[in-house]
Amino acid sequence: AQMEKNRSEVLQFCEGEDVKLKIKPADKEKVVNFLLAQKEKGVIEFSASGASTGSAPGTKVQFNSFDFSKELIKSLPNVVELSEVATQGSAHVDNLSDAQKIGKEMADFVNPKK
């Protein structure tokens, strides 16, 4: 029951308005499994040097990797583009690479337009 509750929470996060465009649909299941693993780990405790944390050397630091991972995902740029990239007006031959231009010229030569 707890596993389903955790999965539901993670899915809700991944499908939220501020995150859904940051995760490619093909990677969504991987992200869900990653966050579930972080959630199961809970709080991680480690020893930190004084320089990195501003505390005394050997101080125990508690770190919630699940919350950190969620914040990290929120800060990513959007990877899913919802707007149309090439419209009828903007899809010109000028946008083609050199190889594509050569291929188009070869096709036009072999099959001339009448």
Side-chain angles (χ1 to χ4, degrees):
Q2 184 63 34
M3 193 87 153
E4 284 301 315
K5 182 181 173 191
N6 289 348
R7 185 167 182 78
S8 176
E9 178 186 347
V10 169
L11 281 172
Q12 186 176 4
F13 168 77
C14 290
E15 294 168 354
E17 287 299 316
D18 54 342
V19 175
K20 70 180 178 182
L21 298 179
K22 298 176 187 305
I23 303 170
K24 289 187 275 186
D27 294 338
K28 184 177 177 182
E29 191 62 28
K30 293 175 191 171
V31 172
V32 168
N33 289 331
F34 171 75
L35 288 173
L36 282 172
Q38 298 300 316
K39 179 103 173 136
E40 288 174 13
K41 287 286 183 192
V43 176
I44 299 170
E45 186 175 289
F46 59 92
S47 180
S49 67
S52 64
T53 60
S55 59
T59 302
K60 298 286 184 188
V61 176
Q62 290 190 340
F63 176 75
N64 189 318
S65 61
F66 177 68
D67 290 338
F68 178 79
S69 297
K70 286 185 357 182
E71 290 304 314
L72 185 65
I73 291 170
K74 284 181 184 179
S75 71
L76 293 173
N78 290 349
V79 294
V80 177
E81 183 64 50
L82 295 180
S83 62
E84 189 171 348
V85 177
T87 61
Q88 287 286 18
S90 66
H92 296 298
V93 176
D94 299 338
N95 295 339
L96 299 176
S97 70
D98 290 339
Q100 289 171 320
K101 287 178 186 176
I102 292 170
K104 182 172 179 353
E105 289 173 8
M106 288 171 48
D108 290 343
F109 180 79
V110 172
N111 300 315
K113 295 178 185 174
K114 296 178 181 179

query = Should the pair Lys70 and Phe13 be classed as cation-pi, given the thresholds of under 6.0 Å to the six-membered ring centre and 45° from the axis?
reply = yes
Donor-acceptor pairs under 3.5 Å, side chain of residues 17-24 to any protein atom, not counting sequence neighbours: which ones?
| from | atom 1 | to | atom 2 | distance (Å) |
| --- | --- | --- | --- | --- |
| Glu17 | OE2 | Lys20 | NZ | 3.2 |
| Lys22 | NZ | Leu76 | O | 2.7 |
| Lys22 | NZ | Asn78 | OD1 | 3.3 |

note = Across all chains, not counting sequence neighbours, the side chain to side chain donor-acceptor pair (under 3.5 Å) partners of Asn6 are Gln2
task = Mind jotting down which residue pairs meet the salt bridge (charged side-chain N to carboxylate O under 4.0 Å, His left out) criterion with at least one end in residues 5-16? Sequence neighbours excluded, please.
result = Arg7-Glu29, Glu9-Lys39, Glu15-Lys28
query = Mind checking what makes side-chain contact (heavy atoms from CB on, under 4.5 Å) contact with Asp108, not counting sequence neighbours?
reply = Lys104, Lys113
request  = Say whether Leu11 and Leu36 are linked into one hydrophobic cluster, either directly or through other cluster members, by side-chain heavy-atom distances under 4.5 angstrom.
outcome  = yes
query = Considering residues at least two apart in sequence or located in another chain, which fulfil the salt bridge (Lys or Arg N to Asp or Glu O under 4.0 Å) criterion with Asp67?
reply = none
task = Kindly give the cluster partners of Met106, where membership spreads through any ILVMFWY side chain lying under 4.5 Å from a current member.
result = Ile102
message = List the residues meeting salt bridge (Lys or Arg N to Asp or Glu O under 4.0 Å) with Glu4, not counting sequence neighbours, and say none if there are none.
response = none
request  = Kindly indicate whether the side chain of Val43, heavy atoms from C-beta on, has any atom under 4.5 Å from the side chain of Ser65.
outcome  = no
request  = Rounded to the nearest 0.5 Å, what's the gap from CG on Leu72 to CD on Gln38? Could you check?
outcome  = 10.5 Å
message = According to side-chain contact (heavy atoms from CB on, under 4.5 Å), who are the partners of Glu45, at least two apart in sequence or on a separate chain?
response = Lys60, Gln62
key: Non-neighbouring partners of Phe63 that pass ring-ring contact (aromatic ring centres under 6.0 Å, His included), sequence neighbours left out   = Phe68
